[in-house]
There are 2 protein chains.
Amino acid sequence: MSEPLRLLLVDDHPVVRRGLRAMFEDRSDMLVVDEASDGRAALDILRNTVVQVVLMDLRMKSGMDGVTATREITALPEPPAVLVLTVYDTDADILAAVEAGATGYMLKDSPPEQLCEAVRSAALGETALGPDVAARLFDRLRAPTEALSPREAEILRLLSQGLSNRALSRELFISEATVKTHLVHIFDKLGVDNRTAAISTALQRGIIRTE
Amino acid sequence: MSEPLRLLLVDDHPVVRRGLRAMFEDRSDMLVVDEASDGRAALDILRNTVVQVVLMDLRMKSGMDGVTATREITALPEPPAVLVLTVYDTDADILAAVEAGATGYMLKDSPPEQLCEAVRSAALGETALGPDVAARLFDRLRAPTEALSPREAEILRLLSQGLSNRALSRELFISEATVKTHLVHIFDKLGVDNRTAAISTALQRGIIRTE
DNA sequence: TCGCGAGTCAATCGAACGATTGATGCGTGA
DNA sequence: TCACGCATCAATCGTTCGATTGACTCGCGA
């Protein structure tokens with residue numbers, strides 16, 4: 001009879017934390033040792049608590065977000081595994097989490113058995129992906145896309161707010177010619193030929209978000 | 001000692017349903033009588049089960065969505081109250097739910113006490129709004145915006161996918177001049193002056209969605 | 001040192017956009 | 001019947017966009 005896996009739940013939705021806690025209460029091999037409503041609080045808990053798997057939401061309404069928290073958690077000495085549990089399945093979200101060091105990525109509509117399986121895998125250091133997430137990653141491997149440079153991403157963000165090239169140039173203190181040059185690069189990388197298609201594609205991929 | 005309020009939970013996320021069930025299990029005045037993962041299933045349950053308050057998510061990954069289900073539920077003879085519980089707080093989402101007959105609208109990050117309070121109000125037929133939602137409605141009353149016509153909304157949806165005016169005219173079998181006329185109307189109603197700003201504003205208001 | 005990527009800029013030109021003015025036809029409710 | 005909203009269409013014109021070609025500078029790593 002081995003020790004139960006020690007879990008930390010991190011989610012800004014009380015309902016979700018409650019649901020997770022209730023789910024793991026049914027299992028004798030898993031123990032929820034604490035909860036946090038943002039990344040900061042999770043890090044504080046980890047300072048004083050032994051945890052093997054952190055179930056981490058990606059976006060919090062306030063406080064430290066899941067990607068930042070994942071990065072800091074996995075930088076700890078002897079870090080717990082981080083299993084991301086979220087509603088977001090965009091390429092950018094998945095990538096950001098994986099790059100931050102997450103061991104797994106599950107969607108919140110996953111059935112409980114799948115989720116528990118993923119927790120067990122994560123605890124063993126094995127990659128745990130929900131089926132939709134795995135499919136997304138496969139698609140991305142088949143059709144790799146180039147990353148935008150920081151400047152390109154900034155221009156795309158402002159563009160999505162409806163700025164003309166001229167307004168963009170003013171906002172960024174550059175010439176309109178430079179804006180156009182960046183846009184050409186952005187369109188190439190996204191495989192589109194106009195600004196509205198660029199915005200649409202970027203939103204779908206999670207490169208930018210509505211706000 | 002009165003009868004407990006009979007609740008039906010409708011959400012496509014098992015975790016959320018579990019969390020809600022656990023929360024109401026703490027209360028002797030509320031009883032979860034059943035759960036459903038989409039609107040269709042909820043309607044089926046209501047055919048054979050007495051329910052006083054339905055807690056309804058708005059968007060389901062598949063099956064009948066929350067607005068449609070709310071409309072059909074409130075059209076039943078002696079309908080239960082519908083309390084929408086969702087992560088979405090855009091004007092369009094709130095409006096659609098209210099127009100469909102929902103008695104209340106709460107966000108999923110509401111603390112449990114607030115949520116239970118809302119359930120109780122809904123059961124009494126009183127409007128129950130989360131604080132963020134109430135604020136949103138106040139903003140809207142201060143600055144009422146015109147609704148788009150169905151055709152305008154359709155054009156805006158296609159526009160947001162990146163179609164040029166010419167491509168739009170081809171897609172809809174109308175002239176480019178007609179497209180432009182509709183766009184002028186759309187820009188006026190949204191208070192913008194170009195297509196990208198129209199898309200941005202529409203996304204923020206929930207008039208269109210990324211997909 | 002050299003090559004590369006990122007950022008910057010210019011000029012040109014055809015295509016597309018947005019604003020404006022004006023018009024027609026249809027369905028609906030008062 | 002009339003007025004209104006919605007959908008449709010045309011023409012015109014100035015502005016903006018996107019593609020192209022070409023150039024320069026800087027920082028960084030091999």
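The chains referred to below are lettered A, B, ... by the order of the sequence lines, with proteins before strands, and numbering in each begins at 1.
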Atom CD of B/Glu152 and atom P of D/dG5 are separated, to the nearest Å, by 12 Å
Under-4.0 Å side-chain N/O to phosphate OP1/OP2 contact, A/Asn165 with D/dC17: yes
note: B/His185, atom NE2; D/dA7, atom C1'; distance rounded to Å ~ 10 Å
| Ion pair check, A/Lys108 and A/Asp11, cut-off under 4.0 Å | yes
Practice item. Return yes if the base of D/dC17 and the side-chain atoms of A/Ser164 contain a donor-acceptor N/O pair under 3.5 Å, otherwise no. Key: no
Any B/His182 side-chain N or O less than 4.0 Å from OP1/OP2 of D/dT8: yes
A/Asn194 CG to C/dA16 P, in whole Å, measures 11 Å
**Q.** B/Arg136 bridged to B/Asp93 by N-O distance under 4.0 Å
**A.** no
Testing C/dG18, C/dC17, D/dC9 for proximity to the side chain of B/Ala177, the answer is D/dC9
Of D/dT8, C/dG18, D/dA10, the nucleotide closest to the side chain of B/Ser175 is D/dA10
Here the distance between atom P of C/dG25 and atom CD1 of B/Ile174, to the nearest Å, is 19 Å
Next on the checklist: Taking B/Asp132 first and then A/Lys61, would you say they form a salt bridge - that is, a charged N and a carboxylate O separated by under 4.0 Å?
Outcome noted: yes
Heavy-atom nearest nucleotide on DNA chain D taken for B/Lys180 and for B/Ser149; more 5' hit belongs to B/Ser149
To the nearest angstrom, the CG-P distance between A/Asp188 and D/dA19 comes to 8 Å
To the nearest angstrom, the CG-P distance between B/Leu148 and D/dG5 comes to 16 Å
side-chain contact (heavy atoms from CB on, under 4.5 Å) test vs B/Val32 passes for just one of B/Leu9, B/Leu8, B/Leu5, namely B/Leu9
Of B/Thr181 and B/Phe187, the one whose nearest nucleotide on DNA chain C sits closer to the 5' end is B/Phe187
Taking D/dG18, C/dT8, D/dA19 as options, the one with an atom nearest any side-chain atom of A/Asp193 is D/dA19
Checklist entry - Given C/dT8, is OP1 or OP2 found less than 4.0 Å from the side-chain N or O atoms of A/Arg151? => result yes
side-chain contact (heavy atoms from CB on, under 4.5 Å) for B/Thr86 and B/Arg59? Distances and angles first, verdict last. CA-CA 8 Å; B/Thr86 179; B/Arg59 303 187 202 175; 5.9 Å; no
Whole-Å distance, B/Glu176 CD to D/dA7 P, equals 19 Å
